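Take a look at the structure below.
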Amino acid sequence: QVQLVESGGGLVQAGGSLTLSCTTPGRTFGIYTMSWFRRSPGKEREFVAGINTSGDITKFADSVKGRFTISRDNAKNTVYLRMKNLKSEDTAVYYCAGRLGRIPVEGTSSYTYWGQGTQVTVSS
């Protein structure tokens, strides 16, 4: 079982920046492709960004390209989502997720492990 714990959420003004972190106490973090998803009120959970095990393949939703970056530090068992130029439509609960696949994919059913989520609220 892999425990994922997100942190870094909060309230930020539109145009601002925020960095989310997701970590796990396990020693197998490096074998998992990691992604971030989000769920806005009244909407389905949607893919935001993903990164493969070595960090050289990333994938982003069109809505966040150019504004969000994803990175990982396997030595620290942590994946990061750096968000800039935040918009009110970025308001959501953000979840990190892990899968044993080689590349990040957008389908929620492809991920085995999930964190509890961290709230991001962007005020306009």
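Remember, predicted model here, so these are calculated numbers, not experimental data.
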Quick one: list whatever passes side-chain contact (heavy atoms from CB on, under 4.5 Å) with [X], sequence neighbours left out.
{"X": "Thr121", "result": "Leu11, Thr91, Gln119"}
{"X": "Asp73", "result": "Ala75, Lys76, Tyr80"}
{"X": "Asn77", "result": "Thr23, Thr24, Phe29"}

Original post:
Considering residues at least two apart in sequence or located in another chain, which fulfil the salt bridge (charged side-chain N to carboxylate O under 4.0 Å, His left out) criterion with Lys65?
Top reply: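 Lys65: salt bridge (charged side-chain N to carboxylate O under 4.0 Å, His left out) contacts with Asp62.
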Original post:
In terms of heavy-atom contacts, does CD of Gln3 have more than 12 from other residues, nucleotides or ligands at under 6.0 Å?
Top reply: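 Incorrect, the count does not exceed 12.
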**OP:** Step through the shown structure and confirm whether more than 12 heavy atoms of other residues, nucleotides or ligands are within 6.0 Å of CD on Gln116.
**Re:**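 Not buried by this count: 12 neighbours or fewer within 6.0 Å.
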Please report the shortest heavy-atom distance between [X] and [Y], naming the atom on each side.
{"X": "Pro104", "Y": "Ser35", "answer": "CB-OG, 3.8 Å"}
{"X": "Ala49", "Y": "Leu81", "answer": "CB-CD1, 4.0 Å"}
{"X": "Asp56", "Y": "Ser54", "answer": "OD1-OG, 2.7 Å"}
{"X": "Phe60", "Y": "Thr58", "answer": "CE1-OG1, 3.6 Å"}

Original post:
If only atom types and distance count, is the side chain of Arg72 paired as donor or acceptor with the main-chain N or O of Asn52 below 3.5 Å?
Top reply: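 Checking the backbone N and O of Asn52 against the side chain of Arg72, a donor-acceptor pair under 3.5 Å is found.
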**OP:** Kindly say whether Thr53 contributes a backbone atom to a donor-acceptor pair with the side chain of Asn74 at under 3.5 angstrom?
**Re:**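 Pair found, side chain donor or acceptor close to backbone of Thr53.
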Subject >> Sequence neighbours excluded - disulfide (SG to SG under 2.5 Å) pairs with any residue from residues 3-109 >> reply: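 Output for this query lists Cys22-Cys96.
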**OP:** Would you mind listing the cluster partners of Phe37? Hydrophobic ones only (ILVMFWY), side-chain contacts under 4.5 Å, chaining allowed.
**Re:**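 Members alongside Phe37: Phe47, Ile57, Val93, Tyr95, Ile103, Val105, Tyr111, Trp114.
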How many angstroms lie between atom [atom1] of [X] and atom [atom2] of [Y], to the nearest 0.5 angstrom?
{"X": "Leu86", "Y": "Ser124", "atom1": "CG", "atom2": "OG", "result": "12.5 Å"}
{"X": "Lys84", "Y": "Asp90", "atom1": "NZ", "atom2": "CG", "result": "13.0 Å"}
{"X": "Leu20", "Y": "Phe68", "atom1": "CG", "atom2": "CZ", "result": "8.0 Å"}

Subject >> Contact check, side chains of Met83 and Val12, non-hydrogen atoms, under 4.5 Å >> reply: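 Of all side-chain heavy-atom pairs linking Val12 with Met83, none is under 4.5 Å.
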Subject >> Sole candidate of Glu89, Glu46, Glu6, Glu44 that passes salt bridge (charged side-chain N to carboxylate O under 4.0 Å, His left out) when paired with Arg38 >> reply: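 With Arg38 as partner, salt bridge (charged side-chain N to carboxylate O under 4.0 Å, His left out) holds for just one option, Glu46.
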Original post:
If two hydrophobic side chains count as joined below 4.5 Å and joins carry through other members, does Ile31 share a cluster with Val79?
Top reply: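 Yes.
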